[in-house]
Visitor: 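Encoded as structure tokens, here's the structure I'll be asking about.
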Amino acid sequence: MDYQFKDIEQKWQQFWADNQTFKADDNSAKPKYYVLDMFPYPSGAGLHVGHPLGYIASDIFARYKRLKGFNVLHPMGYDSFGLPAEQYAIQTGQHPAITTEANIATYRRQLDQLGFSFDWSREVRTSSPGYYKWTQWIFMQLFNSWYNKAADKAESIDKLVAHFEQNGSAGIDAVSDEEVATFTAAEWKALSKEEQQAELLKYRLTYLRESTVNWCAALGTVLANDEVKDGFSERGGYPVEQKKMMQWSMRITAYAERLLQGLDTIDWPEPLKEMQRNWIGKSVGASVKFLISAPPKPSPEGRALIEVSPTGGDLEGAAIEVFTTRVDTIFGVTFLVLAPEHELVPALTTPDQKKEINAYIAQSKKKSELDRMSDTKTVSGAFTGSYVINPVNNEQVPLFIADYVLAGYGTGAVMAVPSGDQRDYLFAKHYNLPIMPIMDIQNIETEADPTKEGKYINSDFMNGLGYKEGTAKVIAFLEAKGAGKAKVNFRMRDAIFGRQRYWGEPVPVYFKGDLPYLIDEKDLPLVLPEVDKYLPTESGEPPLARAEGWNYRQAPPKPSPEGRAYPTHQAGNYRETADPVYYEQLKEFSADNRNQPTEVENILWQLLRNNQAGYKIRRQHAIGQFIADFVSLEKGLAIELDGHHHKLNKEADDARTEVLNHLGFEVIRFTNDEILKAPQEIFEVIKQKLNSLPERQKVSPTGGDLEGARDYAYELSTMPGWAGSSWYWYRYMDAHNDQEFASRKDIEYWKDVDLYIGGSEHATGHLLYSRFWNKFLKDMNLVVEEEPFKKLINQGHIQGRSNFVYRLIDEMGRGTNTFVSHGLIKQYKTSPLHVDVNIVENDILDINKFKTWRDDFANAEFILENGKYVCGVEIEKMSKSKYNVVNPDVLVERYGADTLRMYEMFLGPLEQSKPWNTNGIEGVFKFLRKFWRLFHNDQWQFSLSDAEPTKAELKSLHKIIRKVEEDVERFSFNTSVSSFMIAVNELTDLKCNNRAVLQELVVVLSAYAPHICEELWVWLGNQPGSLSYAPYPKFNAEYLVEDEYSYPISINGKTKINLNISLSLEPKAIEEFVLANADMQKYLDGKTPKKVIVVKGRIVNIVL
RNA sequence: GCUCAGAUGGUGGAACUGGUAGACACGCAGGACUUAAAAUCCUGUUCCCGUUAAAGGAGUGCGGGUUCGAUUCCCGCUCUGAGUACCA
């Protein structure tokens, strides 16, 4: 039979699925190998031909490793939280979960038809509660941790608390917020719980803090730095502004050094490592304090300044701290510059300068991010009127502000050394400030000279020293004086960890007042609630604020005999609907309480039981959210005793009273003492109260009783897109575990990802955050490797090739229905318009198809060149809106998956970006047919010979065995496709139909073209499905041994002829043989060679 | 501006540690089969000069260098792509 790829591919895809052929074993004697693809966001557009590129490569590699005897884990899943589904929901009202589900179905169908060897039993989806339960859990671990610099790892927050309780803040070296308090153990213990919480928040690895964020009003959310490009959002291209907001952040800066050092231990592309290094942005230098000096001539106004300073006192004694990488140049400092946003600017501005400074601040605020970037030449700034003192020579230098100093980097202040820094130089020239050379070989005629060579001059105690000694000396000097110290600064900022969006993981946090608390671990997952609309509320709160009952109900703590603690409810959120489950829980606690009464309760109970007060009294009865000590449901009276808890929490009691009142209960309270002293009197009070109250309507305990209960507000923002992708490779190891994010056993077996394939666009996002979380999990001893991805390969991007038509613009500036061919557009006023690449061939527009492409083009007219409409071409991203998408479905339908797989590999090196071009796919298709034909006779009948393979056949076979081994190991998939073609061409020429040879060839090719190989494998008489785990053929070098080699003979490096010479011949003999050759005599032309170079088995070169 | 990657026929690309530049494909040209088309197969295809065949010359972005020999190594430059952006 002819090569029927459609039947074959369907059949084997079904077989693999039915037999779970690629299910990985968690416990195997074979060595493990983990091949991972970056999991996709399932977009509505489905896959285009660019998406599978990396998956094909990883699949070939995974299949190859199986043949090589490895236990391969090769999973796939979906990064299914994200903006597009939510944007779609906003527009259509369709729940993002539904959109996502539909998109995943499309993705799955498209992936399946390409014959990937994924272990689908381990599929993960970041948006499924079973998965994000553990994303939330990891968040909680981060919340419960702090970074101990002394141990250089994250540790439990309990350990920090224990330290505070014993030693106060002394001796703690932590990565924390800047403004942490210092306190003694006693002071710590004296703090209220809330104050302690607030302080601990400054240490936690995930924390809430007022931060300047990238706010995108159009998207209604904040964005991470890596999601902002040139002041616009990466998705959608909307403007982004800076805004101060209370935000969740991740203390990734704690790991800056380890993230940097770790790069040296992993096998990643150098450019990608470089991007991470730049992003981390380590600079080694020093921080120096410049004392603020009084204005030079204290005027009445000058004094006024000091009085109005925000510090409330004398600014003398206060200092400006700068960070510098060239502290050795400090004697060249002739002024200081602050960022306009620097907090001390208002206080340091003298009244004379106030006007100028304010004008400058206003002006630089107005400048957009873009202006500031494009305009790097203009010097601008303003003098504050104040001066500071250089600590090394006590000289007064003026203090300026200028927007070339960034508030967000370092301390937002720089010491200006115009002789060594070009920006400072320009600034000094502009403001006529002195420029002081500090190196003997410095040339500062026209520009700054940042040289480190030479000896210092004008530098007091540093004069005559070189860079290294000078730097050491000046740091020692500053340290001794307490005016500075060596310091390392990082460019990387903590990562904002919150989006004001719906379609993301809820943050497992609720609030008491302003303080965040974790929900109970047993309440995970905190499931995303339903909302009526996916938009922010009218008051600008995130969409989750629309969710009904989006509040946390903390279960009452287990009662202690003395405590009988009630949940600490406080005024706040109101809840109208009942929660039967919670009510059941309350009833349980009530029963517990009844079984363990306190002394006082017991006394009162003896008086009130059996209708002794005239009405039925219940004790420890659940009402709404609370358990009342005694209650008459009939009369609506709650009697509360003064438990241990109540004393501590008057506010909570008041709130409780308010709620109970709302529910129709009157509340009376007694202290324990009152009851102990005069129980009978209390009894009488209660009795009177009961009589005075009207009878209450009966309410069902489940229905009405819970109404109006108070709850805690949950966090309203959701986690950012990178949360779910920062640990997913561990979930694949144990995808269905509902006790742990992955079991210790499986983590210890699979350890880390051996090969990770994905795009370089994740360099500073996903790949950095994943390394961060991995290091944290390692610190927590939850995983075993410090780095998650041992080897990483960036597949190139397949770009689209767009075609354009050019619409003629009339003199009014309106678009017409006339289109100008590309060659003529210079003569007309036109505007370009994307046109569907499917109606263009070789850049010539099919005019008839164009007219039917869009209704409004039915009457289009054209200005042609040479009778043709030539389209413009541009290489850009493949996207629906650009009409340049090539769909793999179409190609699979026409050529089959095996052809598409091999063609995508054949296109060029995996890591290279290139525009898609379907031309050439025929060549690969022909190759597979030719391969198929090797196994068949002229009548398309399966026909093989069992004879001994010939030497030539074995040579072809073993060449390809070795070649594929070499190529796959170095990820050069394109070259092995060529080699397969060569092998099949050779075997065809040899008319090879030898079973032994072809069977091995099938195994070698099966990683690339699995379907056709499975089919032939079974024809060859093997067990269906066994091919995937067949042994890779053993290469035997003997078959490639030659006894002759065709030496290229060159004269002065230019090849002239080839001569067959025995490989056993030694160089001396080769030289003689060559020089004696008749043809060579002609070239030598009687001359004697100056020199003859013979490289055995390679080349002969004659120098004349 | 800085950092990184790259530049090879009409096209995609190959040449792995310096050793026959252009493998393998696409496209194109010519041919075979066929009434014809499709499909398939064969031949040619870096450029220039020349031709019956030959023989010669140039050639891996440009200019230098090292070397018997350079697409490969070194120096300078041009262009393209990516990242980054006043980072003190």
Side-chain angles (χ1 to χ4, degrees), chain A residues 2 229-230 269-275 277-279 281-283 285 322-327 329 337 339 369 372-379 402-406 408-417 420-424 426-427 450 489-492 760-761 763-764 794 796-797 799 842 875 903 906-909 911-924 926-927 929-930 933 963 966-967 970 972 974-983 985 1046-1058 1089-1095 1097-1104:
Chain A
D2 199 355
K229 296 265 175 298
D230 299 337
E270 199 50 47
L272 197 137
K273 288 194 195 179
E274 196 60 27
M275 279 166 71
R277 285 192 194 104
N278 290 339
W279 189 263
K282 179 179 180 178
S283 24
V322 303
F323 174 74
T324 175
T325 51
R326 287 299 302 275
V327 68
T329 63
V337 189
E369 196 73 12
R372 240 167 120 153
M373 273 191 299
S374 54
D375 182 24
T376 59
K377 300 254 150 43
T378 323
V379 176
D403 62 11
Y404 79 83
V405 177
L406 306 175
Y409 184 77
T411 59
V414 303
M415 59 177 225
V417 184
D421 182 288
Q422 186 59 18
R423 289 158 308 177
D424 298 345
L426 291 172
F427 197 86
N489 200 42
F490 290 95
R491 193 184 81 102
M492 182 167 67
S760 60
E761 67 274 21
T764 51
N794 289 131
H797 276 234
Q799 295 141 303
N842 281 331
I875 305 301
Y903 182 59
F906 188 56
L907 232 40
E911 301 180 69
Q912 214 166 80
S913 287
K914 53 231 156 193
W916 177 265
N917 191 346
T918 310
N919 300 341
I921 194 168
E922 293 276 351
V924 173
K926 273 191 224 166
F927 153 75
R929 289 174 56 117
K930 213 166 167 182
R933 205 159 34 202
K963 179 74 172 150
E966 285 171 357
D967 284 355
R970 67 192 171 105
S972 175
N974 55 326
T975 49
S976 38
V977 177
S978 300
S979 304
F980 278 125
M981 290 172 171
I982 293 169
N985 287 347
S1046 171
Y1047 279 89
I1049 316 298
S1050 48
I1051 293 174
N1052 292 336
K1054 282 282 168 194
T1055 308
K1056 296 297 176 185
I1057 55 167
N1058 282 2
K1090 284 195 190 119
K1091 201 173 172 187
V1092 178
I1093 289 113
V1094 178
V1095 183
R1098 272 263 152 91
I1099 197 172
V1100 176
N1101 189 21
I1102 297 164
V1103 187
L1104 281 180

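Throughout, a chain's letter reflects where its sequence line sits, starting with A, and its residues are numbered from 1. FYI, side chains are in, hydrogens and waters are out, and symmetry mates aren't considered; it's all heavy atoms of this structure.
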Visitor: Atom CD of A:Glu761 and atom P of B:A5: how far apart are they, to the nearest Å?
Guide: 20 Å

Visitor: In whole Å, what separates the C1' atom of B:G19 from that of B:A70?
Guide: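 To the nearest whole Å, 10 Å.
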
Visitor: Dot-bracket notation for RNA chain B is requested: 5' to 3', Watson-Crick or G-U wobble pairs only, both distances under 3.5 Å, with ( ), [ ], | and . as defined.
Guide: (((((((..(((......[....)))((((((.......))))))(((.......)))..(((((..]....))))))))))))....

Visitor: If you find the nucleotide of RNA chain B closest to A:Ile1093 and the one closest to A:Gly908, which residue's nucleotide is nearer the 5' end?
Guide: A:Gly908

Visitor: May I ask you to decide if A:Tyr409's main-chain N or O and A:Arg491's side chain share a donor-acceptor pair within less than 3.5 Å?
Guide: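 Checked: no pair found.
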
Visitor: The criterion is side chain to side chain contact (heavy atoms under 4.5 Å, CB included); which residues satisfy it with A:Lys963, sequence neighbours excluded?
Guide: A:Asp967, A:Arg970, A:Thr975, A:Ser979

Visitor: In whole angstrom, give me the gap between the C1' atoms of B:U45 and B:A23.
Guide: 15 Å

Visitor: Need one value for A:Pro909: base, sugar-phosphate or nothing, where a base atom within 4.0 Å counts as base even if backbone is also close, heavy atoms only.
Guide: sugar-phosphate

Visitor: So if I take every side-chain heavy atom of A:Pro271 and compare against B:A88, B:C16, B:C4, which nucleotide ends up nearest?
Guide: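 Nucleotide nearest to A:Pro271's side chain: B:C4.
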
Visitor: Between B:U71 and B:A21, how many Å separate the two C1' atoms, rounded to a whole number?
Guide: 7 Å

Visitor: Taking the side chain as every heavy atom from C-beta outward, state whether A:Val924 and A:Met981 have any pair of such atoms under 4.5 Å apart.
Guide: yes

Visitor: Between B:C86, B:G19, B:G83, which nucleotide has the shortest distance from any of its atoms to the side chain of A:Asn1101?
Guide: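 The answer is B:G19.
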
Visitor: Side chain to side chain contact (heavy atoms under 4.5 Å, CB included) with A:Glu966: which residues, sequence neighbours excluded?
Guide: A:Arg962

Visitor: Can you check the A:Ile1049 CD1 to B:G19 C1' distance for me, whole Å?
Guide: 12 Å

Visitor: Name the orientation class of the two ring planes belonging to A:Trp916 and A:Tyr903 (parallel below 30°, tilted from 30 to 60°, perpendicular beyond 60°).
Guide: perpendicular

Visitor: Name the nucleic acid region contacted by A:Gln422, choosing base, sugar-phosphate or nothing; use a 4.0 angstrom heavy-atom cut-off, strictly under.
Guide: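 Nothing: the residue A:Gln422, judged by heavy atoms under 4.0 Å, touches no strand.
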
Visitor: Who passes side chain to side chain contact (heavy atoms under 4.5 Å, CB included) against A:Ser1046, sequence neighbours left out?
Guide: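 Partners of A:Ser1046 by the side chain to side chain contact (heavy atoms under 4.5 Å, CB included) criterion, ordered by chain and then number, come out as A:Asn1058, A:Asn1060.
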
Visitor: Whether A:Glu270 and A:Arg277 form a salt bridge (side-chain N of Lys/Arg under 4.0 Å from carboxylate O of Asp/Glu) is what I want to check.
Guide: yes

Visitor: Could you give the distance separating B:C86 and B:C79 at their C1' atoms, to the nearest angstrom?
Guide: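 The same atom, C1', in both gives a distance of 27 Å.
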
Visitor: Find the distance A:Asn794:CG to B:G6:C1' and express it as a whole number of Å.
Guide: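 These atoms are roughly 15 Å apart.
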
Visitor: Any base atoms under 4.0 Å from A:Leu907, or only sugar-phosphate, or nothing? Heavy atoms, all strands.
Guide: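 A:Leu907: backbone/sugar contact only, no base atoms under 4.0 Å.
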
Visitor: Check whether any side-chain nitrogen or oxygen of A:Gln912 sits under 4.0 Å from OP1 or OP2 of B:G6, and answer yes or no.
Guide: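 False: A:Gln912 side-chain N/O out of range (4.0 Å or more) of B:G6 OP1/OP2.
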
Visitor: Could you state the atom-to-atom distance from CE of A:Met415 to P of B:A88 in whole Å?
Guide: 12 Å

Visitor: Which part of the nucleic acid does A:Lys282 contact within heavy-atom distance under 4.0 Å: base, sugar-phosphate only, or nothing?
Guide: nothing

Visitor: Name the residue closer to the 5' end of RNA chain B, choosing between A:Glu274 and A:Asn917 according to the nucleotide with the nearest heavy atom.
Guide: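 The residue mapped nearer the 5' terminus is A:Glu274.
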
Visitor: Syn versus anti for B:G57, judged by chi lying within 90° of 0?
Guide: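 It is anti.
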
Visitor: Without decimals, in angstroms, what is the distance between A:Glu911 CD and B:C16 P?
Guide: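 Result: 17 Å.
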
Visitor: Out of A:Ile1099, A:Ile1102, A:Val1100, which residue meets the side-chain contact (heavy atoms from CB on, under 4.5 Å) rule with A:Val1094?
Guide: A:Val1100

Visitor: With no hydrogens and no angle check, is any side-chain donor or acceptor of A:Arg326 less than 3.5 Å from a backbone partner on A:Val417?
Guide: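 Judged by distance alone, no pair lies under 3.5 Å.
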
Visitor: Using OP1 and OP2 only, check whether a side-chain N or O of A:Lys914 sits under 4.0 Å from B:G12.
Guide: no

Visitor: Holding to side chain to side chain contact (heavy atoms under 4.5 Å, CB included), I want the full list of residues that pass it with A:Glu911, two or more places apart in sequence or in another chain.
Guide: A:Pro269, A:Ile793

Visitor: In whole Å, what is the span from the CG atom of A:Asp421 to the C1' atom of B:G1?
Guide: 14 Å

Visitor: If you measure from the P atom in B:A55 to the same atom in B:U17, how many Å do you get, rounded?
Guide: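 Here B:A55 and B:U17 have their P atoms 34 Å from each other.
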
Visitor: How would you summarise protein contacts on nucleotides 20-30 of chain B per nucleotide, using B for base, S for sugar-phosphate only and - for none, with heavy-atom distances below 4.0 Å?
Guide: BS-BBSS----

Visitor: Consider the side chain of A:Tyr404, meaning its heavy atoms from C-beta on, and name the nucleotide among B:G13, B:C86, B:C16 that approaches it most closely.
Guide: B:C86

Visitor: Given the P atoms of B:C41 and B:C75, what is the spacing between them in whole Å?
Guide: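 Per the computed distance, 50 Å lies between those P atoms.
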
Visitor: When we call it a touch if two heavy atoms are under 4.0 Å apart, what does A:Val1103 touch: a base, just sugar-phosphate, or nothing?
Guide: sugar-phosphate

Visitor: Quote, to the nearest angstrom, the C1' distance that separates B:G10 from B:G64.
Guide: 31 Å

Visitor: Within the distance-only criterion (no hydrogens, no angle test), does the side chain of A:Asn489 pair as donor or acceptor with the backbone N or O of A:Ser283 below 3.5 angstrom?
Guide: no

Visitor: Send over the distance from A:Glu966 CD to B:C16 C1', rounded to a whole Å.
Guide: 8 Å

Visitor: Tell me the interatomic distance from A:Gln799, atom CD, to B:U80, atom C1', rounded to whole angstroms.
Guide: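 To the nearest whole Å, that distance equals 12 Å.
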
Visitor: List the steps and the verdict of side chain to side chain donor-acceptor pair (under 3.5 Å) for A:Lys1091 and A:Asn1101.
Guide: CA-CA 8 Å; A:Lys1091 201 173 172 187; A:Asn1101 189 21; over 6 Å; no

Visitor: When we call it a touch if two heavy atoms are under 4.0 Å apart, what does A:Arg933 touch: a base, just sugar-phosphate, or nothing?
Guide: sugar-phosphate

Visitor: On the nucleotide B:G83, are OP1 or OP2 found under 4.0 Å from the side-chain N or O atoms that A:Thr764 carries?
Guide: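 The answer is no; no side-chain N or O of A:Thr764 sits under 4.0 Å from OP1 or OP2.
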
Visitor: Work out how far the P atom of B:C24 is from that of B:U46, and round it to whole angstrom.
Guide: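 Each nucleotide's P atom is 12 Å from the other's.
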
